[in-house]
Participant: 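One structure is given below, represented as structure tokens, and several questions about it will come after.
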Amino acid sequence: MQGSKQFKRAILKNLVLGLRKRGVASRDMSFHERKSAVRHAADAALAAARGTAPCWSRSLAAELSRGQDAQLRPATSASEEYTPRKMTMCKRISRRRRSIRARPKSKATAKAADVLARVMVRRRTRALRDIVPGGRGMDECTLLGETLDYAVSLKAQVDTMQLLLRALQAPKNPMLMQQ
């Protein structure tokens with residue numbers, strides 16, 4: 001990936017152009033229309049800044065050009081998957097796990113653990129395929145590389161959008177604020 005500053009600058013440039021093109025500053029837009037326009041502009045800026053090297057970037061650009069924003073995000077959010085009840089169950093299980101002494105495992109136990117591990121890997125791989133744009137057509141190794149690249153790019157996008165927000169919320173003349 002190109003340098004972090006250059007990448008963030010490219011995201012910012014493309015984001016500002018996309019927001020202007022979509023007319024986000026227009027008073028005629030409803031909240032939901034504006035939200036959708038900002039999301040589309042941010043996704044398009046991210047894909048354009050990253051280029052065509054990663055598969056997720058090409059896939060995201062193709063989805064945006066088709067206008068299928070319903071498929072851009074997974075239907076469930078992370079907060080829906082981990083409810084407080086499930087989190088307390090996990091804590092209980094981990095506490096119980098600590099209290100159990102390690103003992104030699106039989107072949108049946110090892111095989112069951114192997115099967116359980118494979119099931120967990122399949123589940124997590126399926127979740128990644130839903131999150132990363134274009135992930136459905138990738139093998140596991142490619143998917144992990146694309147996921148890493150996508151996560152780093154999303155972090156840069158968030159930093160850029162926070163920078164833009166701070167710049168827009170800053171007072172017009174800082175000298176007036178000091179007096």
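Below, all heavy atoms of this structure are taken into account, side chains as well, without hydrogens, waters or symmetry copies.
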Participant: Applying side chain to side chain contact (heavy atoms under 4.5 Å, CB included), can you list everything that pairs with A37, at least two apart in sequence or on another chain?
Facilitator: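 Result, side chain to side chain contact (heavy atoms under 4.5 Å, CB included) vs A37: R22, V24, M29.
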
Participant: Output yes when a side-chain donor or acceptor of Q169 lies under 3.5 Å from a complementary backbone atom of R166, and no otherwise.
Facilitator: no

Participant: Within this structure, what is the CG-NZ distance for the pair D114 and K111, rounded to the nearest 0.5 Å?
Facilitator: 9.0 Å

Participant: Before giving the answer on side-chain contact (heavy atoms from CB on, under 4.5 Å), spell out for T160 and R9 the whole-Å C-alpha distance, their side-chain angles and the decisive distance to 0.1 Å.
Facilitator: CA-CA 8 Å; T160 303; R9 190 173 297 135; over 6 Å; no

Participant: Mind checking whether D43 and H40 have side chains closer than 4.5 Å, heavy atoms only?
Facilitator: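 SC-SC contact between D43 and H40 ruled out.
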
Participant: Is R126 salt-bridged to D130, cutoff N-O under 4.0 Å?
Facilitator: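 Not counted as a salt bridge, because no side-chain N and carboxylate O are separated by less than 4.0 Å.
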
Participant: Is there a side-chain contact between L19 and L164 (heavy atoms, below 4.5 Å)?
Facilitator: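 The answer is yes; the side chains approach within 4.5 Å.
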
Participant: V16 vs L12, test: side-chain contact (heavy atoms from CB on, under 4.5 Å). Steps then yes/no.
Facilitator: CA-CA 6 Å; V16 170; L12 183 62; 4.3 Å; yes

Participant: Given R50 and F7, is the side-chain contact (heavy atoms from CB on, under 4.5 Å) satisfied, shown in steps?
Facilitator: CA-CA 7 Å; R50 188 59 183 101; F7 183 58; 4.0 Å; yes

Participant: List the atom of G134, the atom of S59, and the distance in Å for their closest heavy-atom pair.
Facilitator: N-OG, 3.0 Å

Participant: Same hydrophobic cluster for L144 and M138, using side-chain heavy-atom links shorter than 4.5 Å among ILVMFWY?
Facilitator: yes

Participant: Same cluster for L60 and V158 if Ile/Leu/Val/Met/Phe/Trp/Tyr side chains link at under 4.5 Å?
Facilitator: no

Participant: Over all heavy atoms of both residues, which pair between G51 and S57 is shortest? Give the atoms and the distance, please.
Facilitator: O-OG, 2.5 Å

Participant: Identify the two heavy atoms, one from G18 and one from A41, that lie closest to each other, and give their separation to 0.1 Å.
Facilitator: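 Between these two residues, the closest heavy atoms are C-CB, 3.9 Å.
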
Participant: Between I11 and S153, which heavy-atom pair has the shortest distance, and what is it?
Facilitator: CD1-O, 4.4 Å

Participant: Working to the nearest 0.5 Å, report the span between CG of L64 and CZ of R39.
Facilitator: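 Here the rounded value is 9.5 Å.
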
Participant: Walk me through it: do L46 and W56 pass the test side-chain contact (heavy atoms from CB on, under 4.5 Å)?
Facilitator: CA-CA 10 Å; L46 184 64; W56 66 261; 3.9 Å; yes

Participant: For R129, enumerate each residue passing the salt bridge (charged side-chain N to carboxylate O under 4.0 Å, His left out) test, keeping only those at least two apart in sequence or located in another chain.
Facilitator: E140

Participant: A side-chain contact here means heavy atoms from C-beta on lying under 4.5 Å apart; do D139 and T142 qualify?
Facilitator: yes

Participant: Does S65 reach the main-chain N or O of A62 with its side chain, forming a donor-acceptor pair under 3.5 Å?
Facilitator: yes

Participant: Going only through I, L, V, M, F, W and Y residues with side-chain contacts under 4.5 Å, is there a path from M161 to L168?
Facilitator: yes

Participant: Can you see which heavy atom on A48 is nearest to which on N14, and at what distance?
Facilitator: CB-ND2, 3.6 Å

Participant: Please give me the minimum heavy-atom distance between A42 and Q157, naming the atom from each residue.
Facilitator: O-NE2, 2.8 Å

Participant: With ring-ring contact (aromatic ring centres under 6.0 Å, His included) as the rule and sequence neighbours excluded, what pairs involving residues 106-149 come up?
Facilitator: none

Participant: Would you say the side-chain atoms of T125 pair up with the backbone N or O of V121, donor to acceptor, closer than 3.5 Å?
Facilitator: yes

